[in-house]
Number of protein chains: 2
Amino acid sequence: MPDPHSTDPAFSGLTKNQSLVLETIAKARRPIGAYEILRELAPRGIRSPVQIYRAVNSLIQCGIVHKVESINAFVRCTDAHPHHGQTTILAICDDCGTVVEHHDETVDRRLVAWAKQEALEVNAVTIELKVRCANCSALAP
Amino acid sequence: MPDPHSTDPAFSGLTKNQSLVLETIAKARRPIGAYEILRELAPRGIRSPVQIYRAVNSLIQCGIVHKVESINAFVRCTDAHPHHGQTTILAICDDCGTVVEHHDETVDRRLVAWAKQEALEVNAVTIELKVRCANCSALAP
DNA sequence: GATGAATTGTTACGTTATTTCCTAACGAGA
DNA sequence: TCTCGTTAGGAAATAACGTAACAATTCATC
Ligand SMILES: [Zn+2]
Ligand SMILES: [Zn+2]
Ligand SMILES: [Zn+2]
Ligand SMILES: [Zn+2]
């Protein structure tokens, strides 16, 4: 597994399919679904969903890509530096799809504290905001 | 649209399909998928996915039901009282599916504050924890 | 070259969600 | 009464999401 934040933007450790998928996700500049990635990469020889999901899951594990659960799509991580176990907060514009990434230690602490109090062992945390971005608000008020 | 917390547990304002779907979700006592609801209700005359999704969406709007985005399933709201614009925090056990519901004003405030700072108009907030519940941890340590 | 691990490819399937088009029922108001 | 808008419901098709199972390939290493 390659280090996502080592050799930006090459990620030379990635396999062929992982590179193709990452490239497609990055180029989209908004969340993109698995089958849209598939369509995009069909001309380059990718034929089946499994290939997409395998690559995407690797990229997510690396932290290079995030899954947007509320819309079942994937987005390139826009963070300059790696997340050290912090929860990624994603705000997705309902209108244009723009994603803004954020972290908040206080939020993390409070969620972890509550989980501990309830004796819950946390495996993953998802925080997502469906929003209208400033741009879209300005365009159509 | 009926008031979800008025006449527990009848929700007499619900339509027939909404009642059927709510009943099925409630009976499941863990998140249940749309098609499982459909299978459950087929004998009672429900034939198509749309009918489930329409009902479920109404119930979500009422606040009677929550969608668990991270597993694409629906769960009965277990809160005694209505949420007043508070974000529902859901913890879902990966092993047994048990859901615990929670609210945290501090978390809400911080998210809203950040959104405001970024000029984002918030439409919805999703906070979900994938966990191992105390029960499951005890059973298989 | 032989061995084994990782990656890739293919088929097939199951699940989740939306779209489209249509009908029925009901109340408001001309 | 007769349109008109609104809401709910129904059916069919299709798109989109996701995984299981197994075969083929590549590649490092012995
Ligand atoms: Zn990130
Ligand atoms: Zn926008
Ligand atoms: Zn609730
Ligand atoms: Zn459990």
Open item on the list: Please report whether the ring centroid of B/His84 lies less than 6.0 Å from that of B/His103.
Closed with: no
Task: Neighbour count above 12 (heavy atom, 6.0 Å) for A/Asn135 CG - done: no
- [ ] Would you mind telling me which of C/dA17, D/dG9, C/dG9 lies closest to the side-chain atoms of A/Ile46?
- [x] C/dG9
Open item on the list: Whether A/Glu23 and A/Arg44 form a salt bridge (side-chain N of Lys/Arg under 4.0 Å from carboxylate O of Asp/Glu) is what I want to check.
Closed with: yes
TODO: Provide, to the nearest angstrom, the distance between the CD atom belonging to A/Glu40 and the P atom belonging to D/dA16.
DONE: 13 Å
- [ ] Would you mind telling me which of C/dA17, C/dT10, D/dG18 lies closest to the side-chain atoms of A/Arg47?
- [x] C/dT10
Open item on the list: Given the structure, check if the side chain of A/Arg54 and the base of C/dG9 hold any donor-acceptor pair shorter than 3.5 Å.
Closed with: yes
- [ ] Among the candidates D/dA11, C/dA17, C/dT10, find the nucleotide nearest to the side-chain atoms of A/Val50.
- [x] C/dT10
Open item on the list: Go nucleotide by nucleotide along DNA chain D from the 5' end; which of B/Asn72 and B/Lys16 gets its closest nucleotide reached first?
Closed with: B/Lys16
Open item on the list: Using whole Å, what does the distance between atom P of nucleotide D/dA20 and atom CD1 of A/Ile52 come to?
Closed with: 18 Å
Task: Integer-rounded Å distance: C/dT15 C1' and B/Arg39 CZ - done: 9 Å
Open item on the list: Let's see if you can work this out: which of D/dG9, C/dT10, C/dA17 has an atom nearest to the side-chain heavy atoms of A/Ser48?
Closed with: C/dT10
Open item on the list: Between P on C/dT15 and CD1 on B/Ile71, what's the gap in Å once rounded to a whole number?
Closed with: 15 Å
Open item on the list: Can you tell me if B/Tyr35 is stacked onto the base of C/dT16, using a 5.5 Å centroid cut-off and an angle below 30°?
Closed with: yes
- [ ] Figure out the CD/P separation between B/Glu36 and C/dG14, and round it to whole Å.
- [x] 16 Å
Task: Integer-rounded Å distance: C/dT16 P and B/Asn57 CG - done: 15 Å
- [ ] Measure from the side-chain N and O atoms of B/Gln51 to the backbone N and O of B/Ser48, and report whether any donor-acceptor pair falls under 3.5 Å.
- [x] yes
- [ ] Look at B/Asp94 together with B/Arg132 and state whether they make a salt bridge at an N to O cut-off of under 4.0 Å.
- [x] no
Open item on the list: Among C/dT10, D/dA11, D/dG18, which nucleotide has an atom closest to any side-chain atom of B/Gln51?
Closed with: D/dA11
- [ ] Could you check how far CD of B/Glu69 sits from C1' of D/dG18, rounded to whole Å?
- [x] 16 Å
Task: Whole-Å distance separating the OH atom of A/Tyr53 from the P atom of C/dT10 - done: 18 Å
